[in-house]
Amino acid sequence: MTQQSTQAILEAQSVTLSYEQHIVAKDLSVDIPEGKFSVIVGPNGCGKSTLLRTLSRLLIPQSGQVLLSGQNIHEQSTRAVAKTLGLLPQSAIAPDGIKVIDLVSRGRFPHQKWFQPWSETDQKAVDMAMHATGIAEFAEINVDQLSGGQRQRVWVAMALAQETSLLLLDEPTTYLDIAHQIELMDLFQDLNRLQGNTLVAVLHDLNHACRYADHLIVMKAGTIIATGAPNEIVTEQLIEQVFGLPCLILDDPISHTPLIIPRGR
């Protein structure tokens, strides 16, 4: 059931992952194929977010290594990594009193040098990111005055302003209503298909994962159970094995991807 990538921009090689001294996964290996939209799914507590945080350099594996473009990610400078890899964390907290425009502008940090003035290129990147996420009207408003969904879009805009070729997203649709979830997922899909960005997202919604991912990573209890295109690996047996959920799988009439209908336990 496992499908190997021909070219990986990001790799975890035989890593042992822990969180707060608790071992989450042992000897885990996974490849993130370049130019694809990869989505990690699995039950709560299976290690999805811990894996993403390890891939993003926030966590150091107890053993094994993470490679970014073929080099150990922890042997590269923070600025060098930030020019290639952007991260939208699960529960980001903005500094008190910061305006939306100022927070989004922080995404330009990796591209600036000491004493270098703010450039037209910087401003264009920030403007495009705010327009893409629909937050331009909030530019002069303090982030802490926004709703949860609006704040989430501000963090997405900051990540987009960073203009990296690789973007990691930890539950990016948290706090968003269904319309804004689809709007944001469509945006990520455009970044992948139209601009060639490599995306990796942790998602809870299996139908969103099947509709938008072209590379699915299915986890259970710190183990990779299956990887590959949703149409190739998602079966009723897989969903019941991983989630304990009897289901019916139909063809989504819009996207022609697996549509998972729960039968109930």
Side-chain angles (χ1 to χ4, degrees), residues 1-5 12 14-33 36-56 59 61-62 64 88-91 152 168-178 181-182 184-185 188-189 199-265:
M1 244 185 181
T2 300
Q3 184 180 63
Q4 294 297 323
S5 162
S14 301
V15 295
T16 294
L17 310 179
S18 63
Y19 188 73
E20 295 181 350
Q21 300 183 336
H22 171 67
I23 298 296
V24 175
K26 289 184 178 181
D27 197 31
L28 183 150
S29 296
V30 66
D31 292 351
I32 302 301
K36 300 292 186 180
F37 190 169
S38 297
V39 173
I40 306 171
V41 297
N44 288 344
C46 72
K48 302 185 299 295
S49 291
T50 302
L51 173 59
L52 194 79
R53 287 167 60 84
T54 302
L55 291 173
S56 70
L59 295 178
Q62 287 193 2
L88 177 64
Q90 189 178 78
S91 300
Q152 186 75 344
L168 275 56
L169 312 157
D170 195 358
E171 300 184 27
T173 56
T174 300
Y175 306 122
L176 299 181
D177 59 41
I178 185 62
Q181 287 180 31
I182 297 301
L184 198 58
M185 294 302 297
F188 294 145
Q189 189 174 65
L199 275 72
V200 188
V202 168
L203 293 180
H204 278 294
D205 191 308
L206 295 178
N207 287 323
H208 283 179
C210 289
R211 172 174 280 201
Y212 289 97
D214 42 30
H215 181 72
L216 200 61
I217 300 167
V218 184
M219 293 186 67
K220 180 181 181 181
T223 301
I224 305 294
I225 301 298
T227 66
N231 279 325
E232 296 175 359
I233 68 169
V234 175
T235 64
E236 295 169 7
Q237 293 76 19
L238 178 70
I239 300 303
E240 186 160 8
Q241 173 193 356
V242 173
F243 294 92
L245 180 68
C247 68
L248 176 68
I249 294 184
L250 305 177
D251 177 65
D252 186 315
I254 303 297
S255 62
H256 298 292
T257 53
L259 180 64
I260 299 165
I261 310 296
R263 292 181 183 271
R265 295 186 182 275

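A heavy-atom distance below 4.5 Å is found between the side chains of Asn231 and Pro258. At a threshold of 4.5 Å between non-hydrogen side-chain atoms, the residues Arg263 and Leu245 do not count as touching. Counting heavy atoms from C-beta on, the side chains of Val234 and Thr257 never come closer than 4.5 Å. Contact check for Leu17 versus Arg53: no side-chain heavy atoms found under the 4.5 Å cut-off. Within the 4.5 Å cutoff, the side chain of Ile261 has no heavy atoms near those of the Cys247 side chain. Looking only at side-chain heavy atoms (C-beta outward), His204 and Asn44 come within less than 4.5 Å of each other. At a threshold of 4.5 Å between non-hydrogen side-chain atoms, the residues Asp27 and Ser14 count as touching.
In terms of heavy-atom proximity, Val24 sits nearest to Cys46 at CG1-O, 4.3 Å. Residue Asp31 comes nearest to His215 through the heavy atom pair O-NE2, 3.8 Å, listed as atom of the first residue, atom of the second, then distance. Between Pro172 and Leu203, the closest heavy-atom pair is CD-CD2, 3.8 Å. Between Val242 and Pro43 the shortest heavy-atom distance is O-CG, 3.2 Å. Listed here is the closest heavy atom pair of Ile23 and Ser18: CD1-CB, 4.0 Å.
The side-chain contact (heavy atoms from CB on, under 4.5 Å) test with Leu51 is passed by exactly one of Val200, Val202, Val30: Val30. Partner of Leu168 under the side-chain contact (heavy atoms from CB on, under 4.5 Å) criterion, chosen from Ser38, Ser56, Pro89: Ser56.
Between the side chain of Ser255 and the main chain of Asp252, no donor-acceptor pair closer than 3.5 Å is present. Panel note: side chain Thr173, backbone Leu176; no donor-acceptor pair is recorded below 3.5 Å.
One finds the OG1 atom of Thr227 at 7.0 Å from the CD1 atom of Ile217 (value rounded to the nearest 0.5 Å). In this structure, Leu216 CG and Ile233 CD1 are separated by 4.5 Å, a value rounded to the nearest 0.5 Å. Note that CG of Leu206 and CZ of Arg211 are 14.0 Å apart. Values are rounded to the nearest 0.5 Å. Summarising the geometry, atom CG belonging to Asp170 is positioned 9.0 Å from atom NZ belonging to Lys48; distances are rounded to the nearest 0.5 Å. For the atom pair Leu184 CG and Leu88 CG, the distance stands at 8.0 Å (nearest 0.5 Å). Atoms OG1 and CD, from Thr16 and Gln62 in turn, are 6.5 Å apart once rounded to the nearest 0.5 Å.
With sequence neighbours excluded, the residues that form a side-chain contact (heavy atoms from CB on, under 4.5 Å) with Asn207 are Asp205, Leu259, Ile260.
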Please set out all donor-acceptor pairs under 3.5 angstrom arising from side-chain atoms of residues 219-226, sequence neighbours excluded.
from	atom 1	to	atom 2	distance (Å)
Lys220	NZ	Gln241	O	2.8

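Using cut-offs of 30° and 60° on the angle between ring planes, the pair Phe37 and Tyr212 is tilted.
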